[in-house]
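Being a predicted model, the structure only gives us computed values, none of them experimental.
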Amino acid sequence: MTKLLLSLHVLAAILAVGPVAVAASMFPPFARKLFANTGEPAGQSTARSTGQNTGQGTGEPEARPSGGPTAALLLHRICRVYAVLGVAVPVFGLATGSQLGVLGDAWLVTSMVLTVLAAALLGAVILPRQARLLGAAGIGLDEGESAPRVPDPRAAAARLAMATGAFNLLWAVVVVLMIVRPGSTTGA
């Protein structure tokens with residue numbers, strides 16, 4: 001049973017946390033492209049509610065560089081969906097730790113604390129900042145909803161990139177702790 005739980009834990013980490021780490025890291029450059037040069041949303045009037053290509057269905061070419069609003073919106077959705085799926089990682093991890101009898105070991109407690117910090121950073125900082133940048137570009141807004149004001153979107157994208165880097169660093173430390181298991185008596 002322990003091997004099954006460990007396998008599920010590792011698979012959940014690869015399949016849920018991996019996509020969030022990659023998509024969150026890719027989002028800031030796409031967000032910067034949305035506000036290229038002027039700090040004003042590129043193609044704001046056409047991308048306001050849908051984030052779709054401006055020339056879609058009209059036979060006209062797209063007016064923006066490829067991968068703009070649509071890619072940014074997709075990356076944000078990937079982060080949101082896989083963040084929810086990522087809950088499986090600590091669930092299977094706790095079940096595995098319980099089976100191994102290591103729930104009180106310092107390396108596992110430290111990993112759990114870092115996991116909570118990473119989840120809080122994702123939920124309280126990264127996802128809201130992504131949504132705010134999208135909204136400021138007029139993407140993903142509901143009918144009648146006004147775009148939030150972001151005074152310097154390029155700086156906001158840079159701060160988001162820094163938060164995403166911290167998120168990825170936390171997960172890298174957790175992975176190292178899971179592999180090295182300092183002080184563990186269960187083998188390594």
Side-chain angles (χ1 to χ4, degrees), residues 10-90 115 117-172 174-175:
V10 171
L11 282 171
I14 292 168
L15 298 175
V17 176
V20 172
V22 172
S25 295
M26 292 175 66
F27 184 90
F30 281 98
R32 281 191 292 273
K33 286 181 186 178
L34 295 176
F35 299 94
N37 301 325
T38 64
E40 291 297 318
Q44 179 178 7
S45 61
T46 57
R48 176 159 299 283
S49 61
T50 63
Q52 299 298 317
N53 295 341
T54 57
Q56 189 172 1
T58 64
E60 296 176 21
E62 182 180 343
R64 292 179 299 280
S66 70
T70 305
L73 185 60
L74 176 64
L75 291 169
H76 177 61
R77 285 183 180 159
I78 289 170
C79 290
R80 278 193 346 245
V81 169
Y82 282 89
V84 173
L85 297 175
V87 171
V89 177
T115 298
L117 289 174
L121 187 60
L122 180 63
V125 177
I126 295 170
L127 292 175
R129 286 185 183 177
Q130 286 179 348
R132 186 167 171 82
L133 281 167
L134 287 171
I139 300 167
L141 297 175
D142 292 328
E143 188 68 33
E145 184 180 1
S146 63
R149 172 113 170 85
V150 177
D152 187 354
R154 293 179 63 78
R159 287 188 299 274
L160 176 59
M162 183 179 67
T164 301
F167 171 78
N168 289 334
L169 181 61
L170 287 168
W171 278 114
V174 168
V175 168

With heavy-atom distances below 4.5 Å as the criterion, would you say the side chains of [X] and [Y] are in contact?
| X | Y | value |
| --- | --- | --- |
| Cys79 | Ile126 | no |
| Thr115 | Trp171 | yes |
| Val20 | Leu122 | yes |
| Asn168 | Thr164 | yes |

Looking only at heavy atoms, what is the nearest atom pair of [X] and [Y], with distance?
| X | Y | value |
| --- | --- | --- |
| Leu141 | Pro148 | CD2-CD, 4.4 Å |
| Leu160 | Gln130 | CD2-CG, 3.8 Å |
| Phe27 | Ala72 | CE1-O, 3.3 Å |
| Arg154 | Phe35 | CD-O, 4.0 Å |
| Ala23 | Ile78 | CB-CG2, 3.6 Å |
| Ser25 | Ala21 | OG-O, 2.8 Å |

Out of curiosity, Leu127 CG to Arg80 CZ, how far, rounded to the nearest 0.5 Å?
8.0 Å
How many angstroms lie between CZ in Arg149 and CZ in Arg132, if you round to the nearest 0.5 Å?
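Arg149 atom CZ to Arg132 atom CZ measures 9.5 Å (nearest 0.5 Å).
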Have a look at Ile139 and tell me which of Thr70, Leu133, Leu73 forms a side-chain contact (heavy atoms from CB on, under 4.5 Å) with it.
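For Ile139, the side-chain contact (heavy atoms from CB on, under 4.5 Å) test succeeds with only one of Thr70, Leu133, Leu73, which is Leu73.
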